[in-house]
Each structure stands twice: as C-alpha cells, then as structure tokens.
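Beneath this line is the structure, given in structure tokens, with notes to follow.
The model shown is predicted, which means the values in this text are computed figures rather than measured ones. Residue numbering restarts at 1 for every chain, and letters A, B, ... go by the order of the sequence lines.
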Number of protein chains: 2
Amino acid sequence: MKQTGDLSLVKKMNTAIVLDAVLRHAPLSRAQISERTGLNKATVSSLVQDLIDSHLVLDLGPGESSGGRKPNLLQFRSRSGHAVGIDLGVNYIRGILTDLEGCVVAERRIALKAHDAKSVIPQLLACIEALRGEIPPCPYGMVGIGIGVPGLVNEDGTILFAPNLSWTEVPLRAIAEERFGVPVTIDNEANAGAQGEQRYGAGRGIANQIYVSAGIGIGTGMILNKELYKGSGGFSGELGHLSIHADGKPCRCGNRGCWELYASENALLEQAEPLGFHDLDGLLEAAGQGREDVVALFERIGEALGVGIANIVNVFNPDVVIIGNEMRRAEAWIGGAVQRTVAARALAHHQRKLKVLFAEQGEKSAVRGAAYYAISSFLAKMKGSGA
Amino acid sequence: MKQTGDLSLVKKMNTAIVLDAVLRHAPLSRAQISERTGLNKATVSSLVQDLIDSHLVLDLGPGESSGGRKPNLLQFRSRSGHAVGIDLGVNYIRGILTDLEGCVVAERRIALKAHDAKSVIPQLLACIEALRGEIPPCPYGMVGIGIGVPGLVNEDGTILFAPNLSWTEVPLRAIAEERFGVPVTIDNEANAGAQGEQRYGAGRGIANQIYVSAGIGIGTGMILNKELYKGSGGFSGELGHLSIHADGKPCRCGNRGCWELYASENALLEQAEPLGFHDLDGLLEAAGQGREDVVALFERIGEALGVGIANIVNVFNPDVVIIGNEMRRAEAWIGGAVQRTVAARALAHHQRKLKVLFAEQGEKSAVRGAAYYAISSFLAKMKGSGA
DNA sequence: CAAACTTTGTTTGTCTAGTAAACAAAGTAA
DNA sequence: TTACTTTGTTTACTAGACAAACAAAGTTTG
C-alpha cells in the first residue's frame, strides 16, 4: 500500500490554499494572501511565482497604496484554459464552453430525434468538437470535459443504465477520452445539477445542500460537508424512491408508494391527462389564465414534493434544499404548497436555518456542474504538479 | 483565518500512519511497517522511537528470523491509559472502563429510580469516580470520558433536550470536565451505538454503515465514508421521523406517519396492550411459548422496521444496516420479517452488497462507542503532540 | 522638502522532517 | 568458513517552510 505522508504534500496543500485565496478574493496582493492564510510572506511569494509560471495567476502590477509601498495585485487567469460541459437530456443535448472560473463563453443546443446510443453519441461528440473550435488561443486549450447523463454511472464512467434513453453499458468516458485526449468525467444529471447550484447557484458556500432534480422522475444530488456524497460503490441519491405511502402504488423499482410517483413531472402529467393537458407548457399557461382545476393540481403536486422534502430535511438536516429540473418552472404554482408542507412536517429544530429554494441556474444547473467537474479536476492536477 | 499547511502536519500524519499500522497488524517489526506504509526505514525508526518514548508502543524484543537478522517486534501499549464510557439510559446508567484498544476492563450498572438531573448527575459522577478507582497504575491514567445520552446534544456538550428524561439545557460536558479534569465527549446514544458497532461490532472496517437504535423511539447514527455524519449545526439522524405513511397518525414532531410510530418498542408495547402485555420481556416469553397473536405482532413490527430500512437503503446505499438497542432482543421474532420486507422494497441494485444485521455488541454498543470517543480523541492528541 | 514611518515583497540563513545509501549487527544457507 | 539476507541505525542530502533583515517604494509629519 502506498500513502505518502510526504513533503510535497505540504507544498500541494499550500499551493491550493494560495490559489483558493486568489480565486475567492482577487484582486489581492501577496501580502494580503500571507495575512489571510497565515502562510509566511516568503512562502507565498514563492508559491505565487510557481502559479504565475504555470499561467494560472497574473500579476496586474501596482494597485493603490495604503500608506506604504504599492501592492502588486494578483488575479486568477481564468482564460488560460477552457472546459466543456454537456447536459445529455432525454430529447436534447446542451453544451457549454466555460473559462476556468466557470463563466459561460459559448453555448449550443441540439434537439434529439432518436434515443439510441448509435445516433446520439456522434451528435454528442460533434457538439464537443464544435465547442472546442470556439476556444480562443490560450496556454492550456481544452482542459477537460464533463458530462451529465440521465442514468446510473459507475466509477469508470460507464453508463450502466439510463432508463429513459434505453441505454445499458455505454462506456461513454472511454469513448470521449479516446476521441479528445483530455480527462472526461461522467456523472448523473442530479449530481451535476447539485454541483452547478453549489458552485454557481443557490448553494454557493453552503456546506450541506440537497438538490432535488424533479423531472420525469426524481433524482437527487447530496452535498454533505461541501462534498458530493456517493454511497457504497458510488451509487446513492435514489431519494426519488423513498416511500411516502408504505401501502401506496407499486413502483417499477419494487417498492410501494415511492415519492416520485406523486411528485415528479410524470405524476403531474398523468394527473393532467383527464383535464386535457399533455405537457407542462400547457399546464403553466392554463394556470396563468386562472384555471382552477389546474391550479389545484399544481397545489397537490407541490404538497407531495413538500412531503418528500420534509423527509429529506429530517434525515439530513441540510442548510438548503434546492428544487431543480423541469418542475422548477412551476415555481409560481407549487412554491407556496411546498413551503407550507415542509413547514408543517419537518422537525421544528431543523427548520431554523433551513431554506427551500428553486434552482438559480435554471435549466443550466446541470451543464454548469458538468463543466465544473472538468475545471476542478484540472485545477487539482495543477495544484499537485506544482510546476 | 489560520490553516497551517505546515511541516509538523507531515509528522503528525506519518505518526498516525505508523501508529495505525501497529494497532492493526501488531506484533510487527519496523521493517514491516516501512514496507507496509511506504515510509522510509529511517523515518519509521524515528517515529517509532517517539511513540516508545510516549509509552504508546512497546518493543517486545527479537522475534523469529526469516533468513536474516531477527526483527524487533513492536506492540501497542494498550494498558498505558484507560478510558471511561457511559451509557445514560432512561432508567439505568451503564459504565465501563476500557484500555486504549477498547477492551472492557471493568463494568458497573446502576438502576435509576428518578429521572431528574439533580438526582441522576451525582450518580453518574459517582459511577465515573468508581471506575476511575479501578484503573491500575499506568502512565496516563484516565485519558478521557465519553457519554452517550438519549437526547439532542450540541457542539459544546450541552444536552439541549432529552424528552424521555425531561432534561433541557444540561451542560453535562462542562460539569464532568470541571470535576475530573480530562476531556469529556457527549453524544447522542444512537451515534455512540453506531461508533460502538463500527469499531468493535458488526460494522468493523465498513465504510458506510447505518445504525438503527430501535428503543422507545427510533434514533439513527450514520457512518458515511467511515465518519460519523452530522448535519448542519451537528444535528441529524432523525430518521425515526421519516414519514412512511404521508397521511398516517400525527406525531409529536409535527409530521404524520413517522416511522417510529410503527416500528419502535413503544409502538410494539402499544399494540401489545390489548393482548395483555406490558413489557418486552413478557412478549418475548410468550412468543417463545408459541402464542400466535404475539408472534404475528412481532411480524408486523418487523415489517414496519423493514419499510423504514428499505427507505434508508434507497437513500444511503450503505454497506450495512445494523439494528440495535432494545428491539435487537427480538431478533428471533422480527428478523425474518425485516429481511423479507427489505428484500422486497429496496432497490435491487443496492441490495447486492447490502447486509442487514443485528448489533453484535448487544446492549454494549453505546457504552463501547462512548468509550471509543475518549480513546480516539486521546490518540489524536498523542499523534499531534509527537513527544 | 527632508526625515520618519509604513507597506510590500525579496533575500538570507536556519530549522524540520523525510529519503537514499552506506553500514553494522545478527542471523541463515551452502 | 564464506556468502547471502534481513534489520535497523547513521550519515549526508534535499525540499520546503519560516523568521528576520533588508531594499524598494510609498505616505505622513515637522
């Protein structure tokens, strides 16, 4: 077994600390970094020089003096590399190109006509190719690719099972890495969405965040202690199959009364059928025009969402629960019912700091999270290599 | 902000690595440690010397040669300090004295007549006092105290609320530290039980373990990635208030259909009342004599337990779920129903590696876990100090 | 405006801790 | 008896952090 508790580790850690300081508080001087982090001035100078040499930090030159020599301000060079994020949906592919801070630089969207891997994968690769073409000249070019998919993914980046695409055993990571020669990360769409909101959305800086991806089914991404939680073997987050009616309808998963049978977009559309509606857009419009039966339906779905969220709150006592994916669009009609139900059912103690929010990044939560995977593994590598 | 990414950290880490190697694979030689950990022989020698100087490691002298110079075998000196663990129950205090490996050296049990803090605390302190008296001469004496309590505890070791004792705001840690002058850790009984099973029982070496403390209510201790998970502000684990019947009976917590209303010892006794039973002992005896209504009752409770456990499995995808506390005693009568229900309701994928077990440490899970708190914080301190 | 003080960032020397390599001690095998 | 092995220590070296001194570039004050 090898587990070096060695010297270079210290440098790695300190480099990470310095880089984080620059990322979070730019522009700032070496002196400020030293003060803020507790690291010695000499150490900071040396590490900063390394970061400048590796194009990750830029010396902007002198700033305003505060009664002594002018500081040399430093900034993160977010444009020295770019990441590609992909959100593979059931009937679309969304792709973005971001800089190293995660800012969106370019964007594409493709509508999918068929689901089969044979036709989808070439389109997906073409989308990446196109985004790569838009990268401006920079030292690192495309540093990595992150892909969020609607299914179960194992640690090798193979999609084990994507029910709504009817895919099984698709080694997507291997395919993409082979083609583009950069690190590729594949993860579940809910996990990607959770990351997106954690980094760029409603969960910024919050330690314990649960992201509820309410679409056709319900998936969840759990960020505990600022890290994505993955259960045994890398699979968890099947909160959609938390049973809320022990004797309720049987679910395809084998259990009965699963949450997603009552609170997903599917559940909504099923119950909308008798009212004469077949998609979310129609329902939203009708509710907007004041159709009471539709408003009542949204209310009912909102309550069901709230029941599950109350359970989540009692289990995890998170700081924030974020509702994302398609159902987020119904915020105006379900928001009240969700909040009311949670308030009534979650433990009072756990509600003190709790916030239940809707995804700030909207339909982009998952793509941006996917891009973040690529950015963070690149930066982790850079912190390590030192040079 | 201070976050030294400094040098001494490396030593701390390596000392910890060496000590762990000794703990896990004793008796072994310096050479073996070097091989196993990847650390240089010289480094190992130096660190081992430090550990010997601080009485944590013993050089047993030469062992069997394997074709060259005889190795000097090393062992953990588990008797150079002792820890006290306390399990504060609703009608008893259980206390143990352990060595640094957690082995039980002495034991006490006190039956409580009253619940009020004024009468219980002196008895608790006296119990600790008595156990301290039994410590044989050793370099470190009593290194710490761990206490498991049936209630909500904050980060300062204050019992915020213990419903079944009717305690609120009892600063137990401060009281005990003042009295004994050693570090005291207070935690919830379910968390302590989880630790006990993780270290000494059915969860040894398992990364993701959920401990279900099924007693008067249902509490849970979650060990994720080998660490106790505590939610925002240090409170979580209220899985007992996971709702399994969204429209079920109202619970004192505000929610409806909470798991513990259907699967706890209380639920059992409530339903046993009409059958003419008032305690678990009576029920166990009757079931043993083949009373069918009692057996059926156990079956029903077992199913309810299973429903909740299936939910837990779907949420956490743990490697193992351990059922502890009073209800564990009914293993023979509820075990089958639990296993059956979980098998039917949990996601098939998550069941592959899953095991549902009963607490191996029996009634001692919590005390031993409590003692472990004291041991681990002592050892953490020793690894840090170096000398 | 000169002198005194401040702030920034580099340089210099010291210290800690880990490593590699040589070596001594103590054994086994041929 | 000679050669090889294994163990654990010693020695010399290296990386990296730090403290203190210092130089550079300001600002403030008398």
Side-chain angles (χ1 to χ4, degrees), chain A residues 2-18 21-22 25 27-53 57-74 383-387, chain B residues 2-18 21-22 25 27-53 57-74 383-387:
Chain A
K2 252 180 198 171
Q3 249 295 26
T4 25
D6 71 344
L7 260 232
S8 71
L9 177 80
V10 171
K11 188 170 190 180
K12 213 184 273 192
M13 291 178 53
N14 288 341
T15 307
I17 289 173
V18 169
V22 173
H25 306 285
L28 84 177
S29 68
R30 293 165 175 80
Q32 283 174 290
I33 296 177
S34 167
E35 183 133 355
R36 188 178 286 280
T37 62
L39 291 168
N40 187 279
K41 286 194 294 172
T43 308
V44 171
S45 271
S46 146
L47 294 176
V48 164
Q49 194 52 55
D50 285 355
L51 288 170
I52 288 175
D53 290 345
V57 163
L58 194 62
D59 193 325
L60 295 174
E64 282 300 287
S65 157
S66 65
R69 174 177 164 179
K70 285 183 181 169
N72 274 340
L73 297 181
L74 303 169
K383 288 168 192 168
S385 78
Chain B
K2 252 179 202 172
Q3 250 297 26
T4 23
D6 71 347
L7 259 233
S8 72
L9 175 80
V10 171
K11 187 167 191 181
K12 213 185 271 191
M13 290 177 54
N14 289 341
T15 307
I17 289 172
V18 169
V22 173
H25 306 285
L28 81 178
S29 68
R30 291 166 177 78
Q32 284 174 290
I33 296 177
S34 168
E35 184 134 357
R36 187 178 284 281
T37 61
L39 291 167
N40 188 281
K41 286 195 293 176
T43 307
V44 170
S45 271
S46 147
L47 294 176
V48 163
Q49 192 53 54
D50 286 354
L51 288 171
I52 289 175
D53 290 345
V57 163
L58 196 62
D59 194 325
L60 296 172
E64 282 302 287
S65 159
S66 64
R69 170 177 166 181
K70 285 183 182 170
N72 273 339
L73 296 182
L74 303 170
K383 288 168 190 167
S385 79

Closest nucleotide of DNA chain D for B:Leu73 versus for B:Gly67: which of these residues is on the 5' side?
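Result: B:Gly67.
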Distance-only donor-acceptor test (3.5 Å): side chain [X], base [N]:
X       : N      : result
A:Arg69 : C:dT8  : yes
B:Lys70 : C:dG27 : no
A:Lys11 : D:dG16 : no

Rounded interatomic separation in angstrom, taking [atom1] from [X] and [atom2] from [N]:
X       : N      : atom1 : atom2 : value
A:Ile33 : C:dG9  : CD1   : P     : 9 Å
B:Leu47 : D:dT9  : CG    : P     : 12 Å
B:Arg36 : D:dG8  : CZ    : C1'   : 18 Å
A:Lys41 : D:dA24 : NZ    : P     : 15 Å
A:Met13 : D:dA17 : CE    : P     : 10 Å
B:Asp50 : C:dT16 : CG    : C1'   : 13 Å
B:Leu51 : D:dG8  : CG    : P     : 15 Å
B:Glu64 : C:dT28 : CD    : P     : 9 Å

Taking all heavy atoms of [X] and all of [Y], pick out the closest pair and write down the distance.
X       : Y        : result
B:Ala16 : B:Lys383 : CB-CD, 3.4 Å
A:Leu39 : A:Ser34  : O-OG, 2.8 Å
A:Leu60 : A:Pro27  : CD1-CB, 4.2 Å
A:Pro62 : A:Asn72  : N-OD1, 3.5 Å
A:Ser29 : A:Pro71  : CB-CB, 3.5 Å

Among the candidates [options], find the nucleotide nearest to the side-chain atoms of [X].
X       : options               : result
A:Arg30 : C:dG18, C:dA22, C:dG9 : C:dG9
B:Ser45 : D:dA17, D:dT9, C:dG9  : D:dT9
A:Leu39 : C:dT19, D:dC18, D:dG8 : D:dC18
B:Asn72 : D:dG8, C:dA17, D:dC18 : D:dG8
A:Ser66 : D:dG8, C:dT7, C:dA20  : C:dT7

Please check the phosphate of [N] (OP1 and OP2 only) for any side-chain N or O of [X] closer than 4.0 Å.
X       : N      : answer
A:Asn40 : D:dA17 : no
B:Asn14 : C:dG18 : yes
B:Ser29 : D:dG8  : yes
A:Ser65 : C:dT6  : no

Residue mapping more 5' on DNA chain C - nearest nucleotide basis, A:Gln49 or B:Ser8
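It is A:Gln49 whose nearest nucleotide is closer to the 5' end.
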Contact class for B:Ala42 vs. all strands (heavy atom < 4.0 Å): base, sugar-phosphate, or nothing?
base
Does a salt bridge link A:Asp59 with A:Arg30, judged by any charged N lying under 4.0 Å from a carboxylate O?
yes
